[in-house]
Each structure stands twice: as structure tokens, then as C-alpha cells.
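Position 1 is the first residue of the sequence; numbering continues from there.
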Amino acid sequence: MKKTILTLLCGSLLMACTETYRPAYHHTPEQNWMNDPNGMFYDDVNQVWHLYFQYNPYATTWGNMTWAHSTSTDLIHWTHHPNAIMPDSLGTIFSGSAVIDKKNTAGFGENAVVAIFTYAEKMGQMQAIAYSNDGGYTFTKYEGNPVLTADIKDFRDPKVFWNEATNQWNLVLAAGQEVRFYSSPNLKEWTYLSSFGEGYGNHNGVWECPDLIQLPVRNSDEKKWVLIVNINPGGPFGGSATQYFVGEWDGAHFTTDQTQTLWMDCGKDHYATVSFHNAPNHRNVVLAWMSNWQYAEETPTKKFRSANSLPREINLFVDNQNQYRLGIYPSPEVLAIPTEPSSELAPLAKIEVSVTRGNQPAVISLSNDNGEQVIMMYDFDKNTFSFDRTHSGVGGFAREFPSITTTDLMVDAQQYKLLIFIDRCSIEVFDADGHWAMTNLVFPTKPYNEVKTNGCKAELYKIGK
């Protein structure tokens, strides 16, 4: 069994890996290319999180798509395992999902882990399944594959969940610039139900990696359904991003009154977001690919390319326009990472910022001895928060990389708090009350070692032991 780079080379979070930009407390592949998270589920018997992901075994650029596999007991430290699902004569292995078939509906055995994925080949895309009887470590492809085909080129990324109301499986997948819904009693035979997309949301790119999940609304007994749809291109700041729709699901049709395009993350580097199946205690945990298709193959890492975002918990709240919005928090496992107060900024850091609304903007700047900096700002006249990485460090590898990302504050308040997580090449900013999140890559030539504030207060913490 292979160990992660963190376990092999670091020993602890603070003993950073030898690669300049490799994160210490985010999941990364041992080597080569990674993009979408796939097939994520929680094994409640062994208390293990399983993460599969799009992987190129041979290069640090996209190609030869395979499902690689990592596991974790805390969503922070990861163990790598042999590749789980490899290409064959039917095609390469694109994105998909996995479920624990507790009722043995497919006939592969009680509690078999069943993965449903997209075969991609020159003539098109089709859906197939594979099953595991050892808890998700090795898979056998179903001899009756494919289980779902269509007469459309872009037809991929199936996400499956069990519908208690109908006592069947439901599947949502991306088909061009819409999503399609299907049902099945056994994960093998699928019946088309409906489509969603025309006239809703952003259509400036191909829809990908959909997810449908029911979420509670804060401070109420209400629940709503959220359809997550990733799009490339079409993101609010260029390239790839994750949009979502809040509405109702009746077991066959998704409907929404939403007229505005809403984005799950307001940075440039948060894509292919999907949820874990079978998360414990009714938790709703999501994970994303932390990059952007505009420049993902050009980022200045060497042995590996790309990391996953920090795991996040999601729910719903009502904003200052009386609109349902996705609430986003760092997962409890992230908040439990060991920290200690620090008088200076460390390469692995958490910053807690307290802000009082005023007549002037509140500014937080991170900088290093080479004059590189990131500037974050609350603009109370515009009721926005912005993140400026135009002078953050190495950025000439792509003209789209230098950028300023912005989000509405969502709620009116006199006091705001931020949680900022820094991990070598990434900065993830969370409104501490869960109203928004912003994820951006940065590649400073030296770690940022100074924090300056104006109109707010910052407390610094070094991450790790």
C-alpha cells in the first residue's frame, strides 16, 4: 500500500514537502496530472473516506484518463492506493460517482461498492458500471457494459443517489448544455425521466459534473434541493466554475424559480465540485478540483499538477435579497487541524480576520520580501469583497492567471469575520458565517511572510505541529 507524499516525506504538516508549491494539507496526487474528483463515498463500517480522481498515469498534462484512488480517515491526511479503474477497449475512464449498494439491488453482493462512470472514445461517450466487493479498493467491470448511451457527443459525469421516496436509484448527468435525469431499480437498466437547463443559468460553455442534493435551510425546518452544475468555460472570472440552482425535485423533475446565475465559489480555482455519498451524521460534504481549465496544464509545479480544495460543508440560507443561497463552511476536520498563534505569517497558515463596517474599505494584504502581494478588500460602498492576485508572484505562464475576483457580501451586517487558509500555492477565503467562499491559486517566488491590515484586525496561526 502506497503512502502519501505527506506521510513519506513530511512527517508532519510543518515539515513541508521538497517541492516548492506542493500543498501540505490538501490532497494531491503523488505525481502526474489530476483533475475532477470522482466516486467519493464514506465507508461507515471502517470510517474511511474514499476519493477517486481523474488521473493521467504517464504525464503532468491531461490524457489517458484513469480513476486513481486515495483514502483518508480525517479528510486531511491521504493514503494513495493502486489505480482503481483503468481504460480498456471501450474507452478511457471519465468522471462519475460511486454508491454503496446496501440492498444489493444490482446483484453484486450486499454492500458492494458500485461505480458508475463515463467511457470516452472517439465516437462518443457512454455510461458503464464496475463493482467492488472489497470496500472500493479493486473493481470488476460489469460484463453488460455500457448501461446507458445517447446520440449526443457530450454525455458524461453520472452522479447517482438513492431515492427513498420512489425506492429507486436516480441518476443525473451532463448532456451538452443541459442535465438529464434517469431512474433505475438496479443500477443496470435506466429509464429517462426529464431534462433541465434551457433558459436557466450560464450557457457559455459545456455543462459538466452535475450533482443533485437535498439541503436544510438554516434557522428553519425547510429543505430545498440544489442542482450543482459545473461549466467550462463560462465562469464569472473566465474559464471553469461551479454554478448551482435551488429548487424542488419530485423524483422525476427538477424545477426552480431562480432567475439569476449563482456561483458556488467566487474565485477562479474551484471546479468539478461534487458531494460524498454516505457521509456520516447526515453531513453534506463537497470537494472540488482546485484549478482552472484556462491554465491548469501550465501551472509552475513539476512532479505533480493540481490539488483538491479543502473539504466543505454546505447548507442553504436566505440572503439580503430574500433569495436562497448556498452556505459554505470549512469542514470540521479542517477546523481541527493543529494550529498555534504566530507573530508572523507562515507558509502554512490560518488567518482570522475581524471587520467592522465603516466608511472606508477594509484591506488585508499578504506580501513577501520580493515585493509580491495579494490584496483582499471589503468595499462597503459596493458591498463586495475582492481578491487581487495580479502581483501575487509567478503568473506569466498564462495571460488569464493575473486576476481580481469579487463577491457580493450576501448579507448586511456591522461585523464580518473571515477565515483564510494558506497552503503554499493556494489561498481559500471563507466568510466565517458561511455566506460565501473564494478559492485562488498563487505562486509566490518566496512564501508570503507579512500581513498588513487597514480597517480590520487579523490574528495569525501557524498550521501544523
Side-chain angles (χ1 to χ4, degrees), residues 217-219 236-237 262-267 270 310 312-332 334-337 339-346 348-368 373-392 403-423 426-440 442 448-463:
V217 180
R218 296 181 204 169
N219 304 315
F237 308 105
L262 302 179
W263 301 100
M264 177 180 276
D265 188 281
C266 301
H270 193 268
L310 289 174
R312 304 172 184 198
E313 306 274 326
I314 57 174
N315 60 18
L316 290 166
F317 69 95
V318 179
D319 70 6
N320 53 12
Q321 303 297 315
N322 203 35
Q323 178 171 261
Y324 291 103
R325 293 274 196 160
L326 199 61
I328 303 169
Y329 303 87
S331 74
V334 173
L335 299 177
I337 295 174
T339 63
E340 60 181 53
S342 178
S343 59
E344 60 182 23
L345 186 59
L348 315 179
K350 179 175 76 169
I351 307 174
E352 297 182 0
V353 182
S354 300
V355 182
T356 300
R357 179 181 286 270
N359 295 325
Q360 299 297 322
V363 179
I364 309 104
S365 66
L366 316 178
S367 60
N368 62 20
Q373 64 178 355
V374 166
I375 299 175
M376 292 171 271
M377 183 175 69
Y378 281 89
D379 186 327
F380 297 115
D381 288 338
K382 297 178 180 179
N383 210 43
T384 60
F385 176 88
S386 62
F387 185 114
D388 184 342
R389 70 174 183 194
T390 55
H391 299 93
S392 59
S403 57
I404 301 174
T405 59
T406 307
T407 179
D408 188 280
L409 298 181
M410 312 291 183
V411 297
D412 300 321
Q414 285 301 114
Q415 303 288 329
Y416 297 96
K417 290 187 177 180
L418 284 183
L419 293 176
I420 303 172
F421 292 90
I422 303 171
D423 192 1
S426 66
I427 300 177
E428 289 168 270
V429 186
F430 296 86
D431 171 77
D433 291 319
H435 295 132
W436 52 266
M438 185 176 288
T439 304
N440 285 312
V442 290
Y448 305 125
N449 59 359
E450 185 177 17
V451 178
K452 292 182 179 180
T453 61
N454 183 20
C456 55
K457 297 180 180 179
E459 296 180 2
L460 310 184
Y461 297 88
K462 184 166 54 176
I463 285 181

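- For the residue pair S354 and K417, the shortest heavy atom distance occurs at OG-CE, 4.2 Å.
- Of the charged side-chain nitrogens involved, none lies within less than 4.0 Å of a carboxylate oxygen, so that K457 and E459 do not count as a salt-bridged pair.
- In this structure, H435 NE2 and D408 CG are separated by 11.5 Å, a value rounded to the nearest 0.5 Å.
- Taking the side chain as every heavy atom from C-beta outward, Q360 and V363 never approach each other to under 4.5 Å.
- Counted by atom type alone, R325 and N320 present zero donor-acceptor pairs between their side chains at under 3.5 Å.
- Below 30°, between 30° and 60°, or above 60°: for F380 and Y416 the angle between ring planes is below 30°, a parallel geometry.
- Residues V451 and A458 come closest through the heavy atom pair CG1-CB, 4.4 Å.
- Although no hydrogens or angles enter the test, the distance criterion places a donor-acceptor pair under 3.5 Å between the side chain of D265 and the main chain of T439.
- In this structure, I427 and R389 have side chains that are not in contact, with every pair of non-hydrogen atoms separated by 4.5 Å or more.
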Yes or no on side-chain contact (heavy atoms from CB on, under 4.5 Å) for V411 and D433, after CA distance, side-chain angles and deciding distance?
CA-CA 10 Å; V411 297; D433 291 319; over 6 Å; no
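- Side-chain contact between Y329 and N315: present, with at least one pair of heavy atoms (C-beta onward) separated by less than 4.5 Å.
- The CE atom of M264 lies 9.0 Å from the CZ atom of R312; values are rounded to the nearest 0.5 Å.
- Shortest non-hydrogen contact noted between A413 and R357 is O-NE, 3.0 Å.
- The ring-ring contact (aromatic ring centres under 6.0 Å, His included) check on Y448 picks up nothing, with sequence neighbours excluded.
- Summarising the geometry of I404 relative to F237, their closest heavy-atom pair is O-CD2, 3.8 Å, with the distance given to 0.1 Å.
- Atom CG of D412 is surrounded by more than 12 heavy atoms from other residues, nucleotides or ligands within 6.0 Å.
- T406 places none of its side-chain heavy atoms less than 4.5 Å from the side chain of D379.
- The structure places CD1 of I328 at 7.0 Å from NE2 of H270, a figure rounded to the nearest 0.5 Å.
- Residues T405 and C266 have side chains not in contact (no heavy-atom distance under 4.5 Å, counting atoms from C-beta outward).
- Remark: E340 CD to Y461 OH distance equals 11.5 Å, nearest 0.5 Å.
- Summarising the geometry, atom CG belonging to L326 is positioned 13.5 Å from atom CH2 belonging to W263; distances are rounded to the nearest 0.5 Å.
- Remark: F421 CZ to T339 OG1 distance equals 9.0 Å, nearest 0.5 Å.
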Would you please test F385 and V429 for side-chain contact (heavy atoms from CB on, under 4.5 Å) and show each step?
CA-CA 10 Å; F385 176 88; V429 186; 4.0 Å; yes
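- L262 places a side-chain heavy atom less than 4.5 Å from the side chain of Q323.
- At a threshold of 4.5 Å between non-hydrogen side-chain atoms, the residues C456 and V353 count as touching.
- Nearest heavy-atom pair across S342 and K462 is CB-N, 4.1 Å.
- Heavy-atom minimum distance, F317 versus G434: CE2-O, 3.9 Å.
- For the pair I422/L345, a side-chain contact is recorded, criterion being any heavy-atom separation below 4.5 Å from C-beta on.
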